[in-house]
There are 2 protein chains.
Amino acid sequence: MTPPLMQQSKHTLHWARDLVDPALREAVGRLPEPMAKAVGYQFGWADRHGRPVSGSAGKGLRQALVLLSAEAVGGRAESAVHAAAAVELVHNFSLVHDDIIDGDDTRRHRPTVWASFGVPVATLAGDAMLALAFDVLVSVTSDRTLAAGRALTWALLELVRGQSDDVEFEDRPQVGHDEYMRMVAGKTAALFGCACAVGAAMGGAPADTVGHLRRFGHHLGLAFQMVDDLLGIWGDPAVTGKPTRSDLRSRKKTFPVIMALDSDSGEGRAFAALYRRAEPLDEADLDAAATLIERVGVRERTQAEALRHVELALNCLHAVDPAPGPATELTALAHLVAAREH
Amino acid sequence: MTPPLMQQSKHTLHWARDLVDPALREAVGRLPEPMAKAVGYQFGWADRHGRPVSGSAGKGLRQALVLLSAEAVGGRAESAVHAAAAVELVHNFSLVHDDIIDGDDTRRHRPTVWASFGVPVATLAGDAMLALAFDVLVSVTSDRTLAAGRALTWALLELVRGQSDDVEFEDRPQVGHDEYMRMVAGKTAALFGCACAVGAAMGGAPADTVGHLRRFGHHLGLAFQMVDDLLGIWGDPAVTGKPTRSDLRSRKKTFPVIMALDSDSGEGRAFAALYRRAEPLDEADLDAAATLIERVGVRERTQAEALRHVELALNCLHAVDPAPGPATELTALAHLVAAREH
C-alpha cells in the first residue's frame with residue numbers, strides 16, 4: 001500500500017471516529033457505573049480503574065464503512081451515525097464475549113475485559129453493549145430504521161453461527177475449505193456486510209444497491225479474516241497486541257492451517273502430526289509448527305486469496321456507480337485491510 | 001387463591017403457550033445445532049442430549065401477559081404473538097446469563113445451561129436468544145414494531161442495570177429499601193412492564209393506555225420478585241426446583257433480608273451478625289439464619305407487601321377499562337403471582 005493511500009485511510013478513520021464517538025459515549029454513559037467502566041475500557045477510552053487514556057482503541061473500520069456507504073449512495077454521513085454506533089457496539093460486544101468463550105486474555109496490548117474485570121462483569125458488559133446497539137438504532141425515527149434493524153439482527157445471528165462453528169472446529173482433526181468459508185462468512189464477513197448495508201440503507205439507497213454494498217462488505221470481511229489468520233501465526237505481537245502464535249496454540253482452524261492440513265507435502269504431513277497431537281504445544285513446538293506451515297507455501301497463498309477478495313469487493317462497489325469521493329476512501333480502506341499489520 | 005381462579009390461570013398459561021410455542025420453535029430452529037440444543041434445553045423442550053421431553057419448562061407468565069394485554073385493549077392476541085416470543089426469549093436469555101454470573105447450577109429441577117453445556121456454549125446460547133428476540137420482533141412489518149422495539153431495548157437496559165446492582169449488593173453490608181426497589185424495578189419489573197406495554201402497543205392502544213399497562217406489569221413484577229425472595233428462603237426445593245436457601249447461601253440482599261438487617265430486634269442483630277460473617281455459611285448456619293429471619297417477622301411483611309403491589313397493579317389495569325374477558329384472566333394471573341409456590 002502506497003504511503004498516500006495509507007495517509008488517506010488514517011484520515012478517514014479519524015473522521016469517522018470524530019463523528020461516531022459522541023453518540024457512542026452518550027450511549028455508554030447511560031449504563032450503570034460498573035458496566036460503563038468495563039465498556040469504556042473495551043473501547044480504549046479508559047484504563048481498568050476508569051482513568052481516561054488515549055490511543056489504544058480499535059481501528060473503527062466498521063463505523064467508517066457505515067458512514068462511507070451512506071455517502072457512496074448519495075446520502076449524508078450524519079444520517080448513518082447512529083447505525084455506525086450500533087455496528088461498533090455489536091462488534092465490541094462480540095469481542096468481549098468471544099474472549100470469554102475462547103479464554104483469550106490479551107487484546108489490543110492489554111488484558112481482555114474478562115481478564116481485567118472477571119467473567120460476570122464481562123458477560124454483563126457484553127450484554128449491555130448489545131442492548132445499547134439496538135437502543136441506539138431504534139432511537140432514530142425513520143422509515144429506514146426497521147430495515148437497518150433487520151440487517152443488524154441478521155448479522156448477529158450469523159456472528160453466533162460463525163462463532164459456534166469456530167469453537168466446534170477446534171476439536172476437529174480436519175475442516176474443509178467450504179466449511180471454513182461458511183464459518184468466516186458468519187464470524188467476520190456478516191458484520192462487514194451489515195455495516196455497508198445499513199450505511200447504504202440509512203443513506204436512502206434502493207434494495208439492489210444495498211445488496212451490492214453488502215457484498216462489497218462481505219468480500220472485504222473475508223479478506224480481513226484471512227489477513228487476521230496470517231497475523232495470528234506470523235504477526236508481530238508488539239504490533240498486533242495479541243500473544244505470539246495465539247491461533248496455533250489453541251489449534252484454530254484458520255485459512256493457512258486448513259490448507260496446510262490438506263497439503264500432501266512432507267512439511268504438510270509433519271505440521272498435521274504436530275497439530276493433531278493431544279498434548280499442549282510448547283514454545284519450541286509452536287516455532288516448529290510456524291516454520292513447517294510456512295514451508296508448505298500457504299502464507300503466500302493466503303495473502304493472494306485475501307487480495308482476490310479485495311478485488312471482488314471493489315467490483316461490487318463499482319457496480320453501484322458510487323459517489324467519487326467516498327469511493328476513493330472505500331478503495332483505500334479496502335487496500336488497508338489487505339496490507340494491515342494489526 | 002381459590003381453586004377456580006387457579007384453574008383459570010392454568011388454562012390461560014396453556015392457551016398462551018399453544019399460541020407462542022410455534023413462533024419460538026421456528027426461531028430456535030434457525031440456530032446452529034449446538035445452540036439450538038442448549039436453547040431447547042433451557043426452554044424445557046429437550047434433555048441435555050437433545051431428546052424431546054415434556055413439562056419442565058417455565059410457566060410462560062410473560063408471554064401470557066403480552067397476549068392478554070393486546071386483548072385487554074381490544075386487539076387480537078395473534079397480533080402480539082411475535083412480541084410475546086421476543087419477550088420470552090429475552091427472559092430466558094437473562095436467566096441463562098444470570099446463572100453464569102451468579103454461579104447458580106440448578107434451575108427448574110435441572111442443572112442450569114452452563115452447568116450442562118459449559119460456560120462458552122451458555123454464553124453464546126444466551127447471545128443467540130437475545131439476537132433471536134430482536135429478529136423475531138423486527139420480522140413484523142407494522143408501524144407498531146418500532147415502539148415495541150423501543151420498549152424491549154428499554155427493558156433490556158433496565159435488566160442489565162438491575163443485575164449489575166444485584167451483583168454489587170452481595171458484597172455490601174447493608175442495602176437500603178429504596179436501593180432494593182430500584183434494583184428489582186430493573187431486574188424483574190421492567191420485563192413484566194415491557195411485556196404488558198408491547199402487548200398493548202401491538203394491540204393498537206394509544207400511548208397513555210400503554211403506560212397504564214406498563215405500570216400494571218411493573219407492580220406485578222415487584223410482587224413477583226418479593227414472592228421469589230420468600231421462596232428463595234422458605235420455598236420447598238421439591239417445588240421451586242432450586243436448591244434450599246440458595247439466596248441465603250449467596251448472601252443475596254432480598255426484601256426480607258434487607259428488612260431483617262435493618263431491624264432493631266435481638267433476632268435481627270443475630271441474623272445480621274451471621275449474614276455479615278466472612279466465612280461461608282454451612283447447613284446449620286443456614287437453618288439458624290432462616291429461623292432468625294422468620295422470628296423478625298419479615299416473612300409476613302414481605303407477603304403483605306407483595307399483595308399490596310398486586311392491588312396497585314390491578315388499579316392500573318382497571319384504569320384502562322379493559323375488555324372483560326382478558327381483564328378476568330389478567331386478574332387471575334395477578335393473584336397467581338402472589339400465591340405461587342414456584
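So you know, we letter chains A, B, ... as the sequences are listed, proteins then strands, and number each from 1. This one's a predicted model, so the numbers in the text were calculated from it and none came from an experiment.
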(request) Starting at CZ of B:Arg150, measure out to CG of A:Asp135 and round the result to the nearest 0.5 Å. (result) 9.5 Å
(request) Can you tell which part of A:Leu152 gets under 4.5 Å to a heavy atom of chain B, answering side chain, backbone, both or neither? (result) neither
(message) Within the 4.5 Å heavy-atom criterion, are B:Glu33 and A:Glu168 side-chain neighbours or not?
(response) no
(message) Please verify the inter-ring angle class for B:His97 with A:His97; under 30° counts as parallel, over 60° as perpendicular, anything in between as tilted.
(response) perpendicular
(message) Shorter than 4.5 Å, heavy atoms on both sides: which option in B:Val167, B:Val121, B:Thr141 has the most such pairs with chain A?
(response) B:Thr141
(request) Flag the one option from B:Pro34, B:Gly149, B:Ser139, B:Ser164 with the top tally of heavy-atom pairs under 4.5 Å to chain A. (result) B:Ser164
(message) Could you report the tightest heavy-atom contact between B:Ala128 and A:Val160, atom names first, then the distance?
(response) CB-CG1, 3.8 Å
(request) Could you grab the distance from atom CG of A:Leu124 to atom CG of B:Asp166, nearest 0.5 Å is fine? (result) 10.5 Å
(message) If I compare all heavy atoms of A:Leu156 with all of B:Ala131, which pair ends up nearest, and what's the gap?
(response) CB-CB, 3.9 Å
(message) So B:Leu132 and A:Thr153, do their side chains get closer than 4.5 Å, heavy atoms only?
(response) no
(message) At a 4.5 Å cut-off on heavy atoms, which part of A:Pro32 comes close to chain B: side chain, backbone, both, or neither?
(response) side chain
(request) Sort A:Val136 into side chain, backbone, both or neither according to what part of it lies under 4.5 angstrom from a heavy atom of chain B. (result) neither
(request) Sort out for me which of B:Leu146, B:Thr123, B:Thr145, B:Asp127 touches chain A most, counting heavy-atom pairs under 4.5 Å. (result) B:Asp127
(request) Output the option from A:Pro120, A:Gly186, A:Ala147 having the highest count of non-hydrogen pairs under 4.5 Å with chain B. (result) A:Pro120
(message) Counting only non-hydrogen atoms closer than 4.5 Å, does A:Ser94 touch chain B with its backbone (N, CA, C, O), its side chain (CB onward), both, or neither?
(response) neither
